[in-house]
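Notes to accompany the following structure.
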Amino acid sequence: MFDLGYFKIPFFAASCVLVVCTFLTAECTQFWQLFLTQGVGLGAGCGFLFSPTIVIVSQWFSKRRSLALSTTTVGAAFGSILFPVAAQNLIPLIGFRWTVRVFGFMLMATMGMANIFLKRRLPPTKVRGGLFNLKAFRNKAYSTYCVSGIMILLGLYTELTYISVSAVIIGVSKGFSFYIIAIANAASAFGRLSSGLLGDKIGALNTMVIYTTITGITTVAWPFAKDESQLIAIAIIHGYHISLYSAPAVAMGRMEDAGRRVGMFMSLIGFGGIAGPPISGVIFTATGGFIDTGYYAGRFMTPAIFE
């Protein structure tokens, strides 16, 4: 849709869905309601927002594209810090409903600014091949990258999903274990900037190989942490080396077709992101610990980058 010129209206509609679903979450009382608002509504809204934003930024930069894209995603790191920490502190003061409503007003303001200031640079083109263009996979680099992306996502979020649980198991207080994820997200803000700087020098794909390898190693090492300080160190290294995986997809073809190419890539790797944490949870339940879980996730990540 973006490549064909449909940006402003879909972006505005997705922004409204994001804000409305956030306010509706405050009224949810049953699981299916949360599934529709958080799972379906927010998921679809974010999908319509993310890929066009990445392509728009790519259109405005050529020499410093990796740095520009990584700077854009720093907001995700800050949001991952702000919203959970704010929720934990606001819920005891004003309750769950008003906490979520505060988040809704925050999204209303930020998405409003995005709708005003985001503007494409290149005119739309008549791209062929439909919404999901199978001909794009004739590009061996792109098809290999998509497969690698799915494999990486099968393991990437395992540590971030279960690190708080593992922290409680080794004796970290429940109150502080919550902040370990915030620490990892804070480190990722600096990591995203550094990956952008490095990507402009040695290439986005080469940067991803380095960063993903280190992330895979920390995933394997994470279950062996014995105390709070070791867990914090692993969380910082892991968070710092989560790089921008959409940048290479932009470069693997013409800019006129970048929107569909990035959208296809993000849609495919989403299956890895959906399946990865539940598989890790099954492994943890079956083995009674996170060592095998870490091996699964880490080994899935590191071979994927060398495909």
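Each residue takes its place number in the sequence, starting with 1. Values in this document were obtained by computation on a predicted structure and should not be read as measured data.
- Taking the six-membered ring where the residue is Trp, the centroids of Phe103 and Phe83 are separated by under 6.0 Å.
- Taking the six-membered ring where tryptophan is involved, the planes of Phe7 and Phe11 are tilted, since the angle between them lies from 30° to 60°.
- In plain terms, the two heavy atoms of Ser15 and Met111 that are nearest each other are OG-CE, 3.3 Å.
- Using a 4.5 Å heavy-atom cutoff, the side chains of Gln38 and Cys21 are not in contact.
- At least one side-chain heavy atom of Leu34 sits under 4.5 Å from a side-chain heavy atom of Thr25.
- At a threshold of 4.5 Å between non-hydrogen side-chain atoms, the residues Thr144 and Asn139 do not count as touching.
- Between Met252 and Lys140, every side-chain heavy-atom pair lies at or beyond the 4.5 Å cut-off.
- The aromatic rings of Phe105 and Phe23 sit perpendicular to each other, their planes meeting at more than 60°, with 30° as the lower class boundary.
- Follow the hydrophobic side-chain contacts under 4.5 Å out from Leu82 and you reach Trp98 in the same cluster.
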Working for side chain to side chain contact (heavy atoms under 4.5 Å, CB included), residues Glu27 and Arg101: CA-CA 10 Å; Glu27 311 303 323; Arg101 289 167 185 162; 2.7 Å; yes
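- Put simply, the side chain of Tyr142 gets close to the backbone of Arg261: a donor and an acceptor are under 3.5 Å apart.
- Leu36 and Val17 fall into different hydrophobic clusters, where Ile, Leu, Val, Met, Phe, Trp and Tyr side chains are chained together by heavy-atom contacts under 4.5 Å.
- Minimum heavy-atom separation, Arg192 to Ala77: NE-CB, 4.0 Å.
- Scanning for side-chain hydrogen bond (donor to acceptor under 3.5 Å, both in side chains) contacts around Thr29 gives Gln33, with sequence neighbours left out.
- No hydrogens or angles considered: a donor-acceptor pair under 3.5 Å links the side chains of Ser194 and Tyr240.
- Between the Thr99 side chain and the Ala87 main chain, no donor and acceptor come within less than 3.5 Å of each other.
- In this structure, the separation between CG on Leu18 and OG1 on Thr110 is 8.0 Å, given to the nearest 0.5 Å.
- Looking at every heavy atom in both residues, Cys146 comes nearest to Phe137 through SG-CE2, 4.0 Å.
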CA sep, side-chain torsions, deciding dist, call: Phe224, Ile291, side chain to side chain contact (heavy atoms under 4.5 Å, CB included): CA-CA 7 Å; Phe224 294 95; Ile291 292 178; 3.8 Å; yes
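- Formation of a donor-acceptor pair under 3.5 Å by the Lys8 side chain with backbone atoms of Leu118 is found in this model.
- Atom CD1 of residue Ile183 and atom NE2 of residue His238 lie 14.0 Å apart, to the nearest 0.5 angstrom.
- Under the 3.5 Å distance criterion, the side-chain polar atoms of Thr218 are matched with a main-chain donor or acceptor of Thr215.
- Nearest heavy-atom pair across Arg299 and Val220 is N-CG2, 4.5 Å.
- When atom types are taken as modelled, the side chain of Ser173 and the backbone of Phe176 share a donor-acceptor pair closer than 3.5 angstrom.
- Under the 4.5 Å side-chain heavy-atom criterion for ILVMFWY residues, no single connected hydrophobic cluster contains both Ile9 and Phe12.
- Of all non-hydrogen atoms in Val74 and Ala189, the two that sit nearest each other are CG2-O, 3.8 Å.
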Side-chain donor/acceptor pairs under 3.5 Å, residues 41-50, sequence neighbours excluded:
none

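- Atom-to-atom distance recorded for Glu159:CD and Ser166:OG is 8.0 Å, nearest 0.5 angstrom.
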Working for side chain to side chain contact (heavy atoms under 4.5 Å, CB included), residues Ile236 and Ile232: CA-CA 6 Å; Ile236 291 173; Ile232 290 173; 3.9 Å; yes
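- Side-chain contact between Gln88 and Tyr179 is present, with heavy atoms from C-beta onward closer than 4.5 Å.
- Ile81 approaches Pro84 most closely through the heavy-atom pair O-CD, 3.6 Å.
- At a threshold of 4.5 Å between non-hydrogen side-chain atoms, the residues Asn206 and Ile210 do not count as touching.
- Cluster membership check: Phe61 shares its hydrophobic cluster with Leu69, using side-chain heavy-atom separations under 4.5 Å among Ile, Leu, Val, Met, Phe, Trp and Tyr.
- Judged by distance alone, with hydrogens and angles left aside, the side-chain atoms of Tyr145 form no donor-acceptor pair with the main-chain N or O of Leu205 at under 3.5 Å.
- Ser164 and Ser177 are not linked by any side-chain donor-acceptor pair at a separation below 3.5 angstrom, with hydrogens and angles left out of the test.
- Taking CD1 from Ile237 and OG1 from Thr219, the interatomic distance works out to 11.5 Å, rounded to the nearest 0.5 Å.
- A continuous path of Ile, Leu, Val, Met, Phe, Trp and Tyr side chains, each step under 4.5 Å between heavy atoms, connects Ile181 with Tyr162, placing both in one hydrophobic cluster.
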Verdict with supporting geometry, Ser280 and Thr161, side chain to side chain contact (heavy atoms under 4.5 Å, CB included): CA-CA 9 Å; Ser280 299; Thr161 302; over 6 Å; no
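- Rounded to the nearest 0.5 angstrom, Leu197 CG and Arg64 CZ are separated by 7.0 Å.
- Between Asp292 and Tyr296 there is no side-chain heavy-atom pair separated by less than 4.5 Å.
- Residues passing the side-chain hydrogen bond (donor to acceptor under 3.5 Å, both in side chains) test with Thr285, sequence neighbours excluded: none.
- From Leu67, atom CG reaches atom CG of Leu193 across 7.0 Å, with rounding to the nearest 0.5 Å.
- Listed for the Lys119 side chain is no donor-acceptor partner under 3.5 Å among the backbone atoms of Ile56.
- Using the six-membered ring where Trp is involved, Phe290 and Phe284 have ring planes that are parallel, under 30° apart on the 30 and 60° scheme.
- Side-chain contact between Leu231 and Trp222 is present, with at least one heavy-atom pair separated by less than 4.5 Å.
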